[in-house]
Amino acid sequence: MSASLTVAVVGATGAVGREMLSTLASRDFPASTCIALASARSAGAVVPFKDGELPVRELTEHSFKGVDLALFSAGGGTSETFAPHAVKSGCVVVDNSSAWRMDERCPLVVPEVNPHALACHKGIIANPNCSTIQMVVALQPLHKAAGITRIVVSTYQAVSGTGHKAVTELETQVRQMFNMTEPAVSVYPHRIAFNCLPQIDAFLDNGYTKEEMKMVMETAKIMEDPSIKVTATTVRVPVFYGHSESLNVEFARPLTAREARAVLSVAPGVTVLDNPAEKIYPMPIHAAGEDNVFVGRIRQDESRPNALNMWVVADNIRKGAALNAVQIAEQLLRDKLLRVPDPGAFA
Ligand code: A2P
């Protein structure tokens with residue numbers, strides 16, 4: 001790997017941006033220079049990096065001169081506006097927002113599932129939605145084993161997925177409620193402390209939320225199989241870090257719970273935690289701060305032939321965002337794909 005790369009993190013002051021910096025450092029990503037970018041509000045602030053700090057600079061269209069790789073996590077609008085400027089400067093973008101995920105020019109990649117999709121990138125690679133990433137990491141090995149035909153998923157998503165402000169809101173509301181004062185509601189439409197919100201992102205005309213439809217559309221693109229039927233209910237829960245998912249999965253061929261456990265126990269990026277007799281199963285308190293996707297409660301769906309139920313938990317900020325983005329960058333380096341084939345591709 002080249003040791004002279006210049007890497008920028010866009011949204012470096014946010015929950016995911018900070019984790020991107022810490023993941024680049026902890027995985028020894030071969031960057032000689034790291035640049036922290038955020039909005040004008042943060043210019044002059046500092047963010048932790050390795051044993052020291054990085055100064056935060058304001059993101060502008062000129063920020064990418066001489067930058068080889070930019071990891072974006074500053075919202076869809078920022079990515080839509082600035083990722084094309086980065087590509088024009090010859091900088092490869094790995095974008096954590098939803099802006100480019102369904103764009104045909106942009107591969108949507110989970111390295112354990114579809115690393116080959118990177119080969120045709122044109123400068124922007126999309127990082128999938130956090131809930132989709134952990135689901136496909138757990139399901140791709142089972143799909144190979146028995147052919148998935150349908151997925152019914154319900155999520156229990158942590159507030160950190162909404163960003164730093166939502167983490168603060170939950171913390172503040174809990175304190176306010178213990179002090180018997182009225183909790184202030186601003187990030188979510190309702191109180192999140194001691195509550196569950198069956199709404200993540202905006203509602204669409206079909207009655208589903210954008211988050212639910214992301215899971216449907218992104219799964220088909222990543223698993224490269226539009227014949228797999230997916231239906232989702234996504235719920236925000238008062239957990240700080242770690243998304244959980246209840247999955248009901250139907251297969252074309254029979255697959256027992258024991259066989260599924262055996263397949264998953266050797267799958268990349270997966271840890272099976274499944275011993276009900278000892279009360280061992282995945283929980284957000286275990287997954288937070290971990291790289292792997294945890295799978296447990298694997299059991300036959302007794303109401304359907306060839307169907308299994310399972311419970312999947314992962315750190316939404318790590319595997320669901322920052323780690324997956326850095327793994328994409330590592331794969332690009334390994335495959336010698338860290339170059340922009342056509343700087344005008346998104347002009
Ligand atoms: P800033 O802190 O300057 O607002 P989170 O998802 O945790 O809320 O973080 C969002 C990240 O995206 C922050 O780093 C934030 O920077 C950054 N951001 C938001 N809007 C912009 C923008 N218009 N230009 C650059 N960075 C932005």
Side-chain angles (χ1 to χ4, degrees), residues 7-25 34-49 53-65 67 69-89 91 93-101 124 126-131 133 157-173 184-189 192 200-202 210-211 214 234 236 238-243 288-289 315-326:
V7 178
V9 171
V10 179
T13 52
V16 172
R18 284 169 186 269
E19 192 67 34
M20 283 170 163
L21 286 169
S22 124
T23 306
L24 288 167
C34 263
I35 299 170
L37 299 167
S39 77
R41 294 179 291 274
S42 302
V46 290
V47 285
F49 185 62
E53 288 171 334
L54 287 178
V56 180
R57 301 186 198 163
E58 179 187 353
L59 170 68
T60 72
E61 57 186 72
H62 306 296
S63 298
F64 302 99
K65 197 160 175 276
V67 176
L69 167 73
L71 306 180
F72 272 65
S73 190
T78 306
S79 296
E80 239 167 76
T81 307
F82 289 96
H85 288 298
V87 173
K88 208 167 151 200
S89 304
C91 168
V93 171
V94 179
D95 180 39
N96 191 49
S97 81
S98 59
W100 301 97
R101 287 183 191 147
I124 301 177
N127 207 36
N129 176 262
C130 43
S131 319
I133 292 178
Q157 297 183 219
V159 295
S160 52
T162 316
H164 188 63
K165 281 193 215 100
V167 172
T168 307
E169 177 146 317
L170 173 56
E171 231 172 66
T172 308
Q173 288 181 355
V185 171
S186 98
V187 174
Y188 296 116
I192 183 64
I200 298 185
D201 211 329
K210 276 190 185 170
E211 183 83 354
K214 280 178 196 171
T234 58
R236 187 73 65 192
V239 166
F240 286 106
Y241 296 96
H243 287 358
D315 185 324
N316 52 299
I317 299 294
R318 285 176 83 96
K319 185 56 188 166
L323 172 64
N324 199 71
V326 173

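Just so we're clear, the structure is a prediction, and the values are computed from it rather than from any experiment. Counting convention: from 1, in listed order, for ligands and their atoms alike. The figures that follow rest on heavy atoms only: side chains count, while hydrogens, waters and symmetry mates do not.
- Distances below 4.0 Å separate heavy atoms of G14 from the following atoms of ligand 1: 5 (P), 7 (O), 9 (O), 13 (C), 14 (O).
- Residues V94 and N96 are not in side-chain contact: their nearest non-hydrogen atoms beyond the backbone lie 4.5 Å or more apart.
- Residue contacts with ligand 1 for S73 involve N, CA, C or O but no side-chain atom from C-beta outward (heavy atoms, distance under 4.0 Å).
- Every atom of ligand 1 with a heavy atom of H164 under 4.0 Å away is listed here by number and element: 5 (P), 7 (O), 8 (O).
- Nearest-heavy-atom check against atom 26 (N) of ligand 1 across G11, S39, A12, S42 picks out S39.
- For ligand 1, the polar-atom distance check finds an N/O of A15 within less than 3.5 Å of one of the ligand's N/O atoms.
- Residue, atom and distance of the protein heavy atom nearest to atom 23 (N) of ligand 1 are T78 OG1, 3.6 Å.
- Near G163, meaning under 4.0 Å from any of its heavy atoms, are these atoms of ligand 1: 5 (P), 6 (O), 7 (O).
- Pairing each heavy atom of A36 with each of V47, the nearest pair is CB-CG2, 3.8 Å.
- Using a 4.5 Å cut-off on side-chain heavy atoms (C-beta onward), V9 and L24 make contact.
- Atoms of ligand 1 lying under 4.0 Å from any heavy atom of L59, numbered from 1 in the order shown and given with element: 24 (N), 25 (C).
- Between the side chains of T162 and R236, at least one donor-acceptor pair of N or O atoms lies under 3.5 Å.
- The N/O atoms of T13, backbone and side chain alike, include one that comes under 3.5 Å of an N/O atom in ligand 1.
- Side-chain atoms of E169 and S186 include a donor-acceptor pair closer than 3.5 Å.
- The closest protein non-hydrogen atom to atom 4 (O) of ligand 1 is R41 NH2, 2.8 Å.
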#### Entry: Residue pair N129, E211: steps toward the side-chain hydrogen bond (donor to acceptor under 3.5 Å, both in side chains) verdict
CA-CA 8 Å; N129 176 262; E211 183 83 354; 3.2 Å; yes
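- Inter-residue side-chain proximity for S63 and T60 is flagged as met; some heavy-atom pair is nearer than 4.5 Å.
- Counting only residues at least two apart or on different chains, the side-chain hydrogen bond (donor to acceptor under 3.5 Å, both in side chains) pairs with a member in residues 75-85 are S79-D95, S79-S97.
- With respect to atom 18 (N) of ligand 1, the closest heavy atom belonging to the protein is A74 CB, 3.8 Å.
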